[in-house]
Amino acid sequence: MYKLRRLKLDDLELRVQWMNDPRVYETMHFVPPITLEKTQDWFRNNVGNDTRMDFVIEEDGVVCAMDGLTGIDPKLRKGESYTIVDPNYKGKGIGTRTLFLKSIYAFEIGILNKIWAFIDADNIASIKMCERIGYKVEGILRQEVVRESGLIDRYYMGCLEDDLKKDAFAYEVINDEIILC
Ligand SMILES: CC(C)(COP(=O)(O)OP(=O)(O)OC[C@H]1O[C@@H](n2cnc3c(N)ncnc32)[C@H](O)[C@@H]1OP(=O)(O)O)[C@@H](O)C(=O)NCCC(=O)NCCS
């Protein structure tokens with residue numbers, strides 16, 4: 001069983017471990033090393049910050065992904081999505097379920113109208129994960145990201161509440177948490 005809940009201080013050690021893993025940071029445009037001390041400061045500074053929501057996903061009580069929305073604009077009711085799956089468990093369907101639960105949370109509890117993300121054109125898993133549950137490519141930023149092989153494109157992907165394939169997975173909303181049945 002998968003459960004989405006809000007990020008807690010206790011989750012940060014694992015978050016830092018994942019963020020310093022090249023299988024995570026290479027597609028996410030942040031620069032390691034990420035320290036636990038600075039991440040704890042970041043967490044405390046963001047308590048009560050309504051412009052972001054950070055979550056974890058548990059599978060049978062074990063954290064398997066972290067997810068969130070940043071830059072939430074209350075007037076436009078939109079926010080930017082990020083998703084990180086435990087690097088040892090990529091490609092097992094966790095990312096798709098995580099993005100789905102976060103999207104349900106955003107639309108049903110966070111009352112957002114739109115979720116969006118920039119995704120590098122070679123991040124196939126991320127693009128497929130988004131498309132599987134209804135996100136659409138809204139635009140392509142050409143030759144925006146550098147790789148050893150040269151410049152590649154970056155996609156702007158978006159999802160409105162009506163786009164989300166709500167029947168992709170069965171779920172239940174319980175207070176501030178969502179369970180994948
Ligand atoms: C991107 C990420 C979140 C995807 O999560 P995941 O659990 O690995 O992905 P899933 O297992 O749910 O797979 C999603 C889709 O991609 C496909 N896929 C997974 N890994 C793939 C790979 N290496 N190459 C091609 N396709 C892949 C799956 O088959 C699935 O497609 P389908 O629905 O058509 O079967 C995860 O790989 C990750 O954390 N990457 C590092 C951080 C990152 O890049 N985050 C996204 C940017 S914000």
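FYI, side chains are in, hydrogens and waters are out, and symmetry mates aren't considered; it's all heavy atoms of this structure. Being a predicted model, the structure only gives us computed values, none of them experimental. All residue numbers in this chain count up from 1 along the given sequence.
By the 4.5 Å heavy-atom criterion applied to side chains, N113 and L76 are not counted as neighbours. Taking 4.5 Å as the limit, every side-chain heavy atom of L99 sits out of range of all side-chain heavy atoms of R132. No side-chain heavy atom of S126 sits less than 4.5 Å from a side-chain heavy atom of T27.
Looking at every heavy atom in both residues, D11 comes nearest to R6 through OD2-O, 4.4 Å. In terms of heavy-atom proximity, G158 sits nearest to D163 at O-OD2, 4.4 Å. A pairwise comparison of heavy atoms in S81 and A117 identifies O-CB, 4.0 Å as the closest pair. Between N46 and W42, the closest heavy-atom pair is ND2-O, 2.8 Å. Of all heavy-atom pairs between I119 and C130, the closest is CD1-SG, 3.6 Å. The minimum heavy-atom distance linking V145 with R147 is given by the pair CG1-NH1, 3.2 Å.
Under a hydrophobic-cluster definition in which Ile, Leu, Val, Met, Phe, Trp and Tyr are linked whenever side-chain heavy atoms come within less than 4.5 Å, directly or via other members, Y156 and V137 are assigned to different clusters. I72 and Y82 are assigned to two separate hydrophobic clusters, defined by single-linkage of ILVMFWY side chains at heavy-atom distances under 4.5 Å. A continuous path of Ile, Leu, Val, Met, Phe, Trp and Tyr side chains, each step under 4.5 Å between heavy atoms, connects W18 with L12, placing both in one hydrophobic cluster. Under the 4.5 Å side-chain heavy-atom criterion for grouping Ile, Leu, Val, Met, Phe, Trp and Tyr, I104 is connected to I115 within one hydrophobic cluster. Residues M157 and L101 share a single hydrophobic cluster, defined by chaining ILVMFWY side chains whose heavy atoms lie under 4.5 Å apart.
For the atom pair CD1 (I124) and CD1 (I127), the distance works out to 5.0 Å, reported to the nearest 0.5 Å. Between the CZ atom in R5 and the CD1 atom in I57 there is a gap of 9.5 Å [rounded to 0.5 Å]. Here the CZ atom belonging to R15 is positioned 7.5 Å from the OG1 atom belonging to T39, to the nearest 0.5 angstrom. Separating the CD atom in E131 from the NZ atom in K136 is a distance of 9.0 Å, to the nearest 0.5 Å. For the atom pair OG1 of T83 and CE of M129, the computed distance is 4.0 Å after rounding to the nearest 0.5 Å. The line from NZ of K8 to CZ of F55 is 14.5 Å long, rounded to the nearest 0.5 Å.
Between Y171 and F100, the ring-plane angle classifies as perpendicular under the 30° and 60° cut-offs.
Using a 4.0 Å cut-off between charged side-chain N and carboxylate O, E108 and K166 make a salt bridge. Under 4.0 Å is where a charged nitrogen must lie from a carboxylate oxygen, and between R154 and D120 at least one such pair does.
Between the side chain of K90 and the backbone N or O of R23 there is at least one donor-acceptor pair closer than 3.5 Å. Between the side chain of D60 and the backbone N or O of M1, at least one donor-acceptor pair lies under 3.5 Å. Checked by atom type and distance alone, the side chain of K102 pairs as donor or acceptor with a backbone atom of G68 at under 3.5 Å. Checking side-chain atoms of N175 against main-chain N and O of E177 turns up no donor-acceptor pair under 3.5 Å.
Environment of CD in E138: crowded, with over 12 heavy atoms of neighbouring residues, nucleotides or ligands closer than 6.0 Å. Open room surrounds CD1 on I111; 12 or fewer heavy atoms of other groups in view lie less than 6.0 Å from it. Within a 6.0 Å radius of OH in Y89, other residues, nucleotides and ligands contribute 12 heavy atoms or fewer. Crowding of D176 atom CG: a count of heavy atoms from other residues, nucleotides or ligands under 6.0 Å exceeding 12.
Ring centers of F169 and Y2: at least 6.0 Å apart, outside the cut-off. Checked against the 6.0 Å centroid threshold, F118 and Y155 do not count as a close aromatic pair.
For N20, the side chain to side chain contact (heavy atoms under 4.5 Å, CB included) partners two or more places apart in sequence, or in a different chain, are V16, P32, P33, I34.
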Derivation of the side chain to side chain contact (heavy atoms under 4.5 Å, CB included) call for R142 and L151 | CA-CA 9 Å; R142 295 173 305 151; L151 295 166; over 6 Å; no
